[in-house]
There are 2 protein chains.
Amino acid sequence: MPAHHDEAGRTLDRVKERPTWLISRAFSRSSALLAAGFEAHGDGLRGYHYRLLAALEQWGSASQADLGRDTGIDRSDVTAALTELESRNLVERRTDPDHKRRKIVTLTPQGADALLRLDAVLDGIQEEVLAPLTAAQQRQFVDLVSRLG
Amino acid sequence: MPAHHDEAGRTLDRVKERPTWLISRAFSRSSALLAAGFEAHGDGLRGYHYRLLAALEQWGSASQADLGRDTGIDRSDVTAALTELESRNLVERRTDPDHKRRKIVTLTPQGADALLRLDAVLDGIQEEVLAPLTAAQQRQFVDLVSRLG
DNA sequence: GACCAATGTTGGCTCGGCCAACATATAGTG
DNA sequence: CACTATATGTTGGCCGAGCCAACATTGGTC
């Protein structure tokens, strides 16, 4: 992400008004807050882990390939993230008896707990991110930014 | 940046409404368009190069350290990017006679040309990014997202 | 003259994302 | 049935943008 740092130096005219820059600045702030939140309350977990836990909670156990497809995370990254989740006992991996090549991933009770904790943290961050806007502006912004996807 | 890919798989409820996610999705699209633009018309240049050229055009020759401060780019990254710009003759580096440790960077005419070309490319991308919104919505969005920095 | 700060450079790290190759297993087709 | 194609998990590597630590050199200040 670009360097939106603490506004050191002067302002680059060519850049400061461009929507792409404004978006990237907002993203930068948003992800700084997210990183801080994960750092403080995340037990070393990061975005990938959260998304995998959320997918398991929402759709139940699934193979790694399906998890990858549903979360948009590459198979290889799913493997790595699951290894970390497994080592924290937040997730279990067992090979599908009907499909020996496939591994079925299951959320453990500890995993469900961790997910809830992360949810709370993330909710707090949403408020922080939108704090500069009034409630009405927040609704407007969410509406508009939704269409830019 | 998160995987906002072409909406493969299903939608993660926990995530899809959160402003942080929407912002990162917009950023993802924005930077995909930027990358494509630089790829197509950028002569191998990227964001750092553009920002350095823009700073030189706006404020004139400067030391690398000052360039870093004014653009928010780390000294080390400034060094690398300038080396590439210099090898394309878009920029000149000469050591300051009064401060032998300092190097003064100057925009060449070719550099100024390149900057203008990139400006045009970037302007086109701004329109593309905001295309999903009406003109009034675009103004609203720019106003709101400006406050999230 | 002895420190301390600034400068440019090198090298390395993170995070999110992406791709290639590979062994293995399953499914589909002749 | 045999053969082939596809799916799966894993390893290892690459990228861009950002950030930091160390270092030699240079400058300025007590």
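The chains referred to below are lettered A, B, ... by the order of the sequence lines, with proteins before strands, and numbering in each begins at 1. What you see below is based on every heavy atom in this structure, not just the backbone, and it leaves out hydrogens, waters and symmetry mates.
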| task | Pull out every residue in residues 100-108 of chain B that has a heavy atom closer than 4.0 Å to any atom of DNA chain C, ordered by number, or say none. | result |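 Output list: B:R101, B:R102, B:K103.
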Length of the line joining [X]:[atom1] and [N]:[atom2], which is rounded to integer Å:
X	N	atom1	atom2	answer
B:F38	D:dC15	CZ	P	18 Å
B:D77	C:dT7	CG	P	17 Å
A:F27	C:dG16	CZ	P	9 Å
B:D74	D:dA17	CG	P	14 Å
A:D70	D:dT8	CG	C1'	15 Å
B:I73	C:dT9	CD1	P	15 Å
A:R51	C:dC15	CZ	C1'	12 Å
B:Y48	D:dC15	OH	C1'	13 Å

| task | Consider only side-chain N and O atoms of A:N89 and A:Q110, and report whether a donor and an acceptor are under 3.5 Å apart. | result |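 A:N89 vs A:Q110: no donor-acceptor pair found between side chains.
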| Are side-chain N/O atoms of A:S146 and B:R25 paired as donor and acceptor at under 3.5 Å? |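 No, because no side-chain N or O of A:S146 sits under 3.5 Å from a partner of the opposite role on B:R25.
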Sequence neighbours left out, what passes side chain to side chain contact (heavy atoms under 4.5 Å, CB included) with [X]? Give chain and number order.
X	result
A:A35	none
B:T134	B:A136, B:Q137
A:H99	A:D96, A:R102

| Contact nearer the 5' end of DNA chain C, comparing A:D98 with A:R46 |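 Checking each residue's closest nucleotide, the 5'-ward one belongs to A:R46.
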| query | Any idea which heavy atoms bring B:T71 and B:R51 closest together, and the distance? | reply |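 Heavy atoms only, the tightest pair is O-NH2, 3.1 Å.
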| field | Nearest non-hydrogen partners of A:A54 and B:R14, listed with the distance | value |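 So the minimum-distance heavy-atom pair works out to CB-CD, 3.7 Å.
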| request: For atom NZ of B:K16, decide whether the heavy atoms of other residues, nucleotides or ligands shown that lie under 6.0 angstrom number more than 12. | output: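 Atom NZ in B:K16 is packed in, count exceeds 12.
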| For C:dA6, does either OP1 or OP2 sit under 4.0 Å from a side-chain N or O belonging to B:Q64? |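 B:Q64 to C:dA6 OP1/OP2: no side-chain N or O under 4.0 Å.
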| message | Can you tell me if B:R69 touches the phosphate of C:dA6, counting only side-chain N or O atoms and a distance under 4.0 Å to OP1 or OP2? | response |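 No.
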| Closest listed nucleotide, where the reference is the side chain of B:A65 and the choices are C:dT10, D:dG9, C:dT7 |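 Of C:dT10, D:dG9, C:dT7, C:dT7 is nearest to the side chain of B:A65.
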| field | Nucleotide nearest A:H99 (side chain, heavy atoms from C-beta), chosen from D:dA22, C:dA27, C:dG11 | value |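 Output: C:dA27.
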| N/O donor-acceptor pair, side chain A:S76 with base C:dC19, under 3.5 angstrom |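 Checked by distance alone, the answer is yes.
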| query | Is there a donor N/O on one and an acceptor N/O on the other, under 3.5 Å, for the side chain of B:R75 and the base of C:dG8? | reply |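 Yes.
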| query | Which residues within residues 84-96 of chain B lie with some heavy atom under 4.0 Å of an atom in DNA chain D? | reply |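 When residues 84-96 of chain B is checked for heavy atoms under 4.0 Å from DNA chain D, there are no hits whatsoever.
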| task | Could I get the full list of side chain to side chain donor-acceptor pair (under 3.5 Å) partners for A:D123, not counting sequence neighbours? | result |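 So A:D123 forms a side chain to side chain donor-acceptor pair (under 3.5 Å) with B:R18.
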| task | Could you tell me how the ring of A:Y50 sits relative to the ring of A:F38: parallel (under 30°), tilted (30 to 60°) or perpendicular (over 60°)? | result |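 The arrangement is perpendicular - the two ring planes meet at more than 60°.
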